[in-house]
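Just so you know, residue 1 is the first one in the sequence shown, and it goes up from there.
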Amino acid sequence: MKTSPTKLEKLAIHGGNPVRPRLLPYGRQSLDDSDIQAVVEVLKSDWLTTGPKVGEFEERFAAFLGVRHAVSFSSGTAALHGAAFAAGLRPGDEAITTPMTFCATANCVLYQGAMPVFADVSPDTLNLDPAEVAQKITPKTKAIIAVDYAGHPAALDELMQLAKTQAQPTLLIEDASHSLGAEYRGKRVGAIADMTIFSFHPVKHLTTGEGGMVTTNDERLAEILRRFRNHGINSEARQRQESGQWFYEMVLLGFNYRLTDIACALGLSQLEKLAANLARRREIAALYTAAFRDLRVDLPAIVTPAVREDVNPAWHLYPIRLKLEMISEGRGEIYRALRAENIGVNVHYIPVHQHPYYRERFESQENYNESYKESYPVAEDAYDRLISLPMFHGMTAQDVEDVIHALRKVMTYYQGEC
Ligand SMILES: Cc1ncc(COP(=O)(O)O)c(C=O)c1O
């Protein structure tokens with residue numbers, strides 16, 4: 001039974017006025033004149049790609065994170081592929097990862113012909129649960145690929161401990177596409193795992209259009225990554241031009257995954273704003289959490305994201321979970337009602353093993369894999385309840401207020417005895 005539509009406002013989905021006249025997206029880049037100017041300067045220079053801006057961006061990025069090496073890639077996905085290659089994943093190997101992620105995290109294992117094995121997530125953070133990972137480790141495990149879901153660092157020390165106590169070399173790869181600037185036990189993510197991956201897609205904390213980075217303290221891995229993103233060639237065009245050498249050798253099978261100087265100039269300019277962007281995201285998260293904590297008295301049907309004591313999240317997303325038992329409709333209706341209010345909510349994520357490609361490939365007779373018969377109850381249950389609220393550093397005070405208003409309006413209507 002629905003509670004009476006609060007003395008209140010008729011929902012936009014029922015023909016009432018929306019909270020806002022135009023859609024507020026769930027994520028969006030912020031670019032200013034200095035970003036545009038930085039790109040224009042490169043466009044007028046000699047090097048559009050593989051020039052001086054690449055090294056400069058990598059160095060400044062590494063310095064921000066306090067890590068020895070940063071190797072840029074053309075996207076976060078390409079960076080993940082590079083990390084899977086550098087970890088030595090090959091056919092016959094396994095990598096344990098989370099189902100609660102964007103599919104690129106698991107796909108990089110398949111690119112290498114290896115097998116992604118899923119382990120369920122912890123109910124509070126929706127990050128890989130180390131106890132579940134421990135149960136999935138076999139002599140074939142070559143890597144654990146954790147994701148810092150929504151910007152909250154995974155249980156990195158526990159996962160590292162698991163990786164380092166295997167008989168075979170097993171690397172911890174951290175997909176930090178959501179967590180640039182996040183801190184784990186007092187350290188910024190980027191220098192904790194064996195390799196850490198970042199994405200510079202426009203909805204992230206800084207953008208280069210498309211772009212990605214792998215950071216590592218390991219010189220050997222950094223060298224493999226540099227070659228892999230450049231066809232497997234052991235020197236770069238600019239080095240050869242400067243030294244007057246024409247000779248180069250291809251020493252491994254790589255790809256063209258290079259990030260351009262145009263993109264790196266944008267990245268350098270965006271890096272200047274990263275601290276402010278992070279601060280604003282943390283402020284927005286605090287405003288949401290404070291508002292929804294109050295609302296819990298009247299609106300007990302939402303759960304705000306958990307934050308463990310030993311982390312400072314970077315808040316790429318702000319995913320709430322619905323207590324479906326307390327509302328008269330499913331997540332789909334709440335989602336549609338919020339969209340009708342012009343709040344650009346989203347859902348992160350469809351668990352990876354539920355995508356048709358994974359089902360068809362690994363549940364079929366031909367490629368049958370035991371682990372795909374399993375279910376991942378925490379991830380699957382969370383998926384039914386999740387709604388990501390708008391979260392980007394350019395949000396105004398009015399934007400934040402509109403989100404809170406719309407959630408109150410919609411949830412008050414749907415919450416009730418059921
Ligand atoms: C967790 C995660 N991993 C990897 C990626 C892929 O990054 P990109 O879009 O830069 O290829 C994304 C993209 O959003 C992501 O959210």
Side-chain angles (χ1 to χ4, degrees), residues 75-123 125-149 154-155 159 162-163 166-175 177-178 193-195 197 199 212 228 253 255 347-386:
S75 67
T77 304
L80 279 163
H81 189 185
F85 178 87
L89 285 170
R90 300 289 181 270
D93 297 334
E94 294 177 353
I96 301 172
T97 192
T98 166
M100 187 44 72
T101 186
F102 183 58
C103 50
T105 313
N107 291 351
C108 72
V109 181
L110 294 177
Y111 297 158
Q112 285 304 110
M115 175 64 74
V117 172
F118 295 105
D120 210 352
V121 293
S122 301
T125 59
L126 304 185
N127 280 330
L128 258 186
D129 180 343
E132 295 287 327
V133 173
Q135 287 180 25
K136 296 294 171 77
I137 291 181
T138 73
K140 294 180 179 173
T141 308
K142 275 260 186 82
I144 298 170
I145 310 180
V147 172
D148 299 334
Y149 175 75
L159 294 170
L162 278 172
Q166 301 314 305
Q168 72 281 14
T170 305
L171 297 191
L172 177 63
I173 299 172
E174 180 184 2
D175 181 346
S177 295
H178 295 184
D194 293 299
M195 285 179 276
I197 279 76
S199 160
F228 184 75
L253 185 61
F255 289 78
V347 174
H348 300 91
Y349 287 99
I350 302 165
V352 180
H353 65 284
Q354 293 187 342
H355 282 292
Y357 178 84
Y358 277 84
R359 281 191 189 286
E360 285 160 22
R361 180 159 171 178
F362 298 114
E363 286 180 3
S364 72
Q365 295 260 269
E366 204 186 331
N367 298 311
Y368 183 71
N369 184 284
E370 188 66 23
S371 69
Y372 286 81
K373 206 176 60 187
E374 286 180 37
S375 64
Y376 302 92
V378 181
E380 288 164 16
D381 177 73
Y383 167 55
D384 292 338
R385 298 164 184 273
L386 281 165

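In this structure, Pro99 and Ala119 approach most closely via the heavy-atom pair CD-O, 3.1 Å. Shortest non-hydrogen contact noted between Thr141 and Lys136 is OG1-O, 4.1 Å. Between Tyr358 and Asn107, the shortest heavy-atom contact is OH-OD1, 2.7 Å. Listed here is the closest heavy atom pair of Ser375 and Pro377: O-CD, 3.3 Å. Across Asp148 and Ala154, no two heavy atoms sit closer than the pair OD1-N, 2.9 Å. Heavy atoms only, all atoms of each residue included: Val109 and Thr105 are closest at CG2-O, 4.3 Å.
Residue pairs meeting the salt bridge (charged side-chain N to carboxylate O under 4.0 Å, His left out) criterion with at least one partner in residues 76-86, sequence neighbours excluded, are absent.
Residues Tyr149 and Asp175 have side chains that never bring a donor and an acceptor to within less than 3.5 angstrom of each other.
Here the CG-CE distance, from Asp129 to Met100, works out to 13.5 Å after rounding to the nearest 0.5 Å. In this structure, Thr101 OG1 and Ile145 CD1 are separated by 9.5 Å, a value rounded to the nearest 0.5 Å.
You'll find the side chain of Val352 stays beyond 4.5 Å of the side chain of Thr97, heavy atoms only. At a threshold of 4.5 Å between non-hydrogen side-chain atoms, the residues Thr98 and Tyr349 do not count as touching. Looking only at side-chain heavy atoms (C-beta outward), His355 and Ile350 come within less than 4.5 Å of each other. Taking the side chain as every heavy atom from C-beta outward, Leu110 and Tyr357 approach each other to under 4.5 Å.
Residues that satisfy the ring pair (Phe, Tyr, Trp, His ring centres under 6.0 Å) test with Tyr383, not counting sequence neighbours, are absent from this structure.
The closest donor-acceptor contact from the side chain of Asp194 to the backbone of Ile173 lies at 3.5 Å or more, if one exists at all. No donor-acceptor pair under 3.5 Å is formed between the side chain of Thr77 and the backbone N or O of Ala104. Side chain of Asn127 to backbone of Ser122: no donor-acceptor contact under 3.5 angstrom is found.
Results of the side-chain contact (heavy atoms from CB on, under 4.5 Å) test with Ile96 over Leu159, Thr170, Val133, Leu162 single out Val133 as the only residue that passes.
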Residues 83-95, side-chain donor-acceptor partners within the protein, below 3.5 Å, at least two apart:
unit_1 : atom_1 : unit_2 : atom_2 : d
Asp93  : OD2    : Arg90  : N      : 2.8
Asp93  : OD2    : Lys142 : NZ     : 3.0
Glu94  : OE1    : Thr138 : OG1    : 3.1

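Taking the six-membered ring where tryptophan is involved, the planes of His353 and Tyr376 are perpendicular, since the angle between them exceeds 60° and thus also 30°. Under the 30°/60° scheme for interplanar angles, the aromatic rings of His81 and Phe228 are found to stand perpendicular.
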